[in-house]
Amino acid sequence: MHRSNSPSVMIGELVALFDPLLAAEEPISSSSVSRLVQALCDRKQLPLKALFHPLRYLLSGTSEGPGVPDLIDVLGKEETLRRIRQPTC
């Protein structure tokens, strides 16, 4: 099986890896979200922006704005999971 290294595939994989981490986190807070993103990016040896930027877009529909941990803290876990699980195209 051939794996593509295109950014869109990597982003999809990162979001798919982040989803169960967030779903298992209880309670969620901006600090716990930061910790989850940091751990995932460290594991994949990627900069934080590799996950924060696509998450911000999935959550808010824009590439600029509040930090992802703050967005998730305001939206709550259920709405956040709904938005990152929603197909984008």
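Quick note: numbers below take in every heavy atom, side chains included, and nothing from hydrogens, waters or symmetry partners.
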Item to check | With Leu48 via side-chain contact (heavy atoms from CB on, under 4.5 Å) - residues at least two apart | outcome: Val37, Gln38, Cys41, Phe52

Next on the checklist: Going by side chain to side chain donor-acceptor pair (under 3.5 Å), name the residues that satisfy it together with Ser31, two or more places apart in sequence or in a different chain.
Outcome noted: Ser29

Next on the checklist: With salt bridge (charged side-chain N to carboxylate O under 4.0 Å, His left out) as the rule and sequence neighbours excluded, what pairs involving residues 61-71 come up?
Outcome noted: none

Checklist entry - Pairs in or reaching into residues 71-81: which pass side-chain hydrogen bond (donor to acceptor under 3.5 Å, both in side chains), with residues at least two apart or in two chains? => result Glu26-Lys77, Glu79-Arg82, Glu79-Arg83

Checklist entry - Are side-chain heavy atoms of Leu46 and Leu51 found at a separation under 4.5 Å? => result no

Checklist entry - When you measure from the side chain of Ser32 to the backbone N and O of Ile28, does any donor-acceptor pair fall under 3.5 Å? => result no

Item to check | Pairwise side-chain contact, Lys44 with Leu17, heavy-atom cut-off 4.5 Å (strictly under) | outcome: yes

Item to check | Residues that Pro47 engages under side-chain contact (heavy atoms from CB on, under 4.5 Å), provided they are two or more places apart | outcome: Lys49, Ala50

Item to check | Non-hydrogen side-chain atoms of Leu71 and Ser60 separated by less than 4.5 Å | outcome: yes

Checklist entry - Do the non-hydrogen side-chain atoms of Ile72 and Val68 ever get within less than 4.5 Å of each other? => result yes

Checklist entry - Do Glu25 and Arg35 have side-chain heavy atoms sitting under 4.5 Å apart? => result yes

Item to check | Exam field: side chain Arg56 to backbone Thr62, donor-acceptor pair closer than 3.5 Å | outcome: no

Item to check | Separation of Leu55 CG from Leu22 CG (nearest 0.5 Å) | outcome: 9.0 Å

Checklist outcome for this item: Taken in chain and number order and not counting sequence neighbours, the residues that satisfy salt bridge (Lys or Arg N to Asp or Glu O under 4.0 Å) with Asp19 are Arg85

